[in-house]
Structure formats: C-alpha cells, structure tokens
Amino acid sequence: MISIEQITPELTWHLRRAVLYPSMKLFEMEMDEDTYGTHFGAFNDVKLAGVVSLFQTGTDFQFRKLAVDPEYQQKGIGTSLLNYITDHAQKHGGTRIWCNARDTAVGFYLKLGYRSTGELFSKNGFNYEILEKAITPSSNH
C-alpha cells in the first residue's frame with residue numbers, strides 16, 4: 001500500500017542522489033530553492049519509495065527531482081506522485097504544471113498527458129525538454 005505525504009527537503013536527498021545523480025555527494029542534492037518548495041514522499045509501508053519537489057510561481061507549478069527507488073519502479077509510484085501533486089496544484093489555484101524532463105523520461109510524461117514545448121537544453125551532461133500540462137484550478141481553493 002502506497003501513501004503519499006508532505007516531507008522535509010532533507011528526506012528527498014538520498015533518493016535524488018541514488019536515482020538521478022549517483023556520482024554526486026549527498027550534500028550536493030540540496031537546492032537553494034528547496035526552502036520555497038513543497039516536497040512529497042511516496043511510502044511503501046514505512047520505506048520511502050519515491051520523492052518529488054513542487055514549486056509555485058503564481059498559477060504555475062514546476063515539479064523537480066522526481067525520483068523513484070529502482071526497487072519500486074514500473075509499479076505506478078511515479079504516476080501516483082504526479083497525480084498527487086497535480087491535485088495539490090489544482091487545489092492551490094494552478095493552471096499549469098510543468099517540468100524539465102530528462103530525454104530518457106519524456107515518453108513517461110507524454111503518456112500522462114504532458115505536452116512537448118519543443119524547448120530543449122542540456123545541463124550537467126543531461127539533455128532536457130520542457131514539458132507542460134494545462135490544469136484547471138479547483139473551485140474550492
């Protein structure tokens with residue numbers, strides 16, 4: 001049984017490193033922006049199986065550093081996290097959710113209704129594309 005809850009930024013660092021940046025040091029996982037974000041963890045019982053960080057600018061919500069423990073990949077945890085943060089964004093007046101997707105993950109996001117913007121860039125040896133999804137704010141925010 002997977003449960004999703006808000007967590008502190010520090011709890012995201014181990015999975016960020018293990019999944020996204022295995023050659024980096026743990027302290028390098030901290031982002032200056034972490035202070036301004038909302039961070040979520042997907043737990044399988046008590047084990048942290050996935051993490052994602054969400055940042056709001058007006059009605060735009062950017063998610064970053066989505067990482068799922070390799071032991072739990074292909075089991076719907078990434079999809080569950082994205083659905084959860086999309087609901088969160090809608091409840092907080094969001095009209096767009098977006099990310100800088102690694103080229104290796106673009107297909108995953110497209111299957112979930114994200115659309116390609118055609119904006120490509122490279123950073124730290126990785127190729128990215130900006131993907132976005134229009135959302136409708138909940139009327140009870």
Side-chain angles (χ1 to χ4, degrees), residues 1-44 46-141:
M1 180 69 183
I2 298 297
S3 62
I4 298 175
E5 55 192 72
Q6 190 172 336
I7 60 175
T8 64
E10 294 81 7
L11 287 177
T12 68
W13 297 348
H14 285 280
L15 270 179
R16 276 185 194 174
R17 183 183 67 184
V19 176
L20 301 173
Y21 307 100
S23 64
M24 294 177 72
K25 297 191 176 3
L26 187 61
F27 73 85
E28 295 176 291
M29 295 302 99
E30 182 175 9
M31 298 185 296
D32 292 339
E33 304 92 335
D34 276 344
T35 308
Y36 308 105
T38 308
H39 310 275
F40 299 94
F43 292 86
N44 183 29
V46 297
K47 183 171 180 358
L48 185 60
V51 296
V52 67
S53 299
L54 188 64
F55 301 89
Q56 180 178 4
T57 305
T59 60
D60 261 15
F61 284 78
Q62 179 189 17
F63 65 91
R64 298 178 66 186
K65 312 296 186 202
L66 173 64
V68 175
D69 185 317
E71 180 183 338
Y72 294 98
Q73 290 179 4
Q74 305 294 316
K75 297 183 192 293
I77 291 173
T79 301
S80 294
L81 278 166
L82 287 177
N83 289 338
Y84 191 91
I85 65 170
T86 300
D87 288 346
H88 177 88
Q90 289 175 302
K91 287 176 184 162
H92 291 84
T95 59
R96 179 175 88 123
I97 191 163
W98 65 281
C99 69
N100 296 325
R102 283 190 183 179
D103 58 1
T104 54
V106 167
F108 168 73
Y109 295 114
L110 294 177
K111 281 190 258 176
L112 295 174
Y114 285 79
R115 102 177 163 78
S116 171
T117 64
E119 295 180 61
L120 308 171
F121 66 95
S122 295
K123 183 177 175 185
N124 299 325
F126 296 101
N127 297 317
Y128 295 90
E129 180 173 359
I130 297 175
L131 300 180
E132 65 184 6
K133 185 178 193 177
I135 57 176
T136 304
S138 301
S139 55
N140 58 354
H141 69 272

* Structure fact -> Value for CE (Met29) from CG (Leu20), rounded to nearest 0.5 Å, stands at 8.0 Å
* Asked: Of all residues at least two apart in sequence or in a different chain, which pass the side-chain hydrogen bond (donor to acceptor under 3.5 Å, both in side chains) check with Ser23?
  -> none
* To do: Return yes when atom OH of Tyr36 has more than 12 non-hydrogen atoms of other residues, nucleotides or ligands closer than 6.0 Å, and no otherwise.
  => no
* With sequence neighbours left out, write down each residue that passes side-chain hydrogen bond (donor to acceptor under 3.5 Å, both in side chains) with Thr12, or none if nothing qualifies. => Arg16
Can you list, pair by pair, the side-chain donor-acceptor contacts under 3.5 Å of residues 1-10, counting residues two or more places apart and other chains?
{"residue": "Thr8", "atom": "OG1", "partner": "Glu10", "partner atom": "OE1", "Å": "3.4"}

Per-pair distances, 0.1 Å, donor-acceptor, side chain in residues 81-89, under 3.5 Å, sequence neighbours excluded:
{"residue": "Asn83", "atom": "ND2", "partner": "Thr79", "partner atom": "O", "Å": "3.4"}
{"residue": "Thr86", "atom": "OG1", "partner": "Leu82", "partner atom": "O", "Å": "2.7"}

* Rounded to the nearest 0.5 Å, how far does CZ of Arg102 lie from CZ of Phe108? -> 14.0 Å
* Structure fact -> All heavy atoms of Ala49 vs all of Ile77, minimum pair found to be CB-CD1, 3.8 Å
* Distance-only, no hydrogens or angles: does the His39 side chain make a donor-acceptor pair with backbone N or O of Asp34 under 3.5 Å? -> yes
* Can you tell me how far the CZ atom of Phe61 sits from the NZ atom of Lys133, to the nearest 0.5 Å? -> 14.5 Å
* Asked: Does Asn100 have any side-chain hydrogen bond (donor to acceptor under 3.5 Å, both in side chains) partners at least two apart in sequence or in another chain, and if so, which?
  -> none
* Asked: Any side-chain heavy-atom pair from His14 and Leu48 closer than 4.5 angstrom?
  -> no
* Ile130 side chain near Cys99 side chain, heavy-atom distance below 4.5 Å -> no
* Asked: Who pairs with Phe27 by ring pair (Phe, Tyr, Trp, His ring centres under 6.0 Å), at least two apart in sequence or on another chain?
  -> none
Listed pairs under 3.5 Å, donor-acceptor, residues 62-72 side chains, sequence neighbours left out:
{"residue": "Arg64", "atom": "NH1", "partner": "Glu33", "partner atom": "OE2", "Å": "3.3"}
{"residue": "Lys65", "atom": "NZ", "partner": "Tyr21", "partner atom": "OH", "Å": "2.8"}
{"residue": "Asp69", "atom": "OD1", "partner": "Glu71", "partner atom": "N", "Å": "2.8"}
{"residue": "Asp69", "atom": "OD2", "partner": "Lys47", "partner atom": "NZ", "Å": "2.9"}
{"residue": "Tyr72", "atom": "OH", "partner": "Asn44", "partner atom": "ND2", "Å": "3.2"}

* Asked: How close do Ala101 and Leu131 get, heavy atom to heavy atom, and via which atoms?
  -> CB-CD1, 3.6 Å
* Structure fact -> One should read off an interatomic distance between Ile97 CD1 and Gln56 CD, to the nearest 0.5 angstrom, of 10.5 Å
* Asked: What's the shortest heavy-atom distance between Ala18 and Pro22, and which atoms?
  -> O-CB, 4.1 Å
* Structure fact -> salt bridge (charged side-chain N to carboxylate O under 4.0 Å, His left out) filter on Glu129, not counting sequence neighbours, yields none
* Structure fact -> Applying salt bridge (charged side-chain N to carboxylate O under 4.0 Å, His left out) to Arg115 and not counting sequence neighbours gives Glu132
* **Minimum heavy-atom distance between Leu110 and Ser116, given as atom pair plus value** => CD2-N, 4.0 Å
* Locate the shortest heavy-atom distance separating Met31 from Phe55; write the atom from each residue and the value. => CE-CZ, 3.7 Å
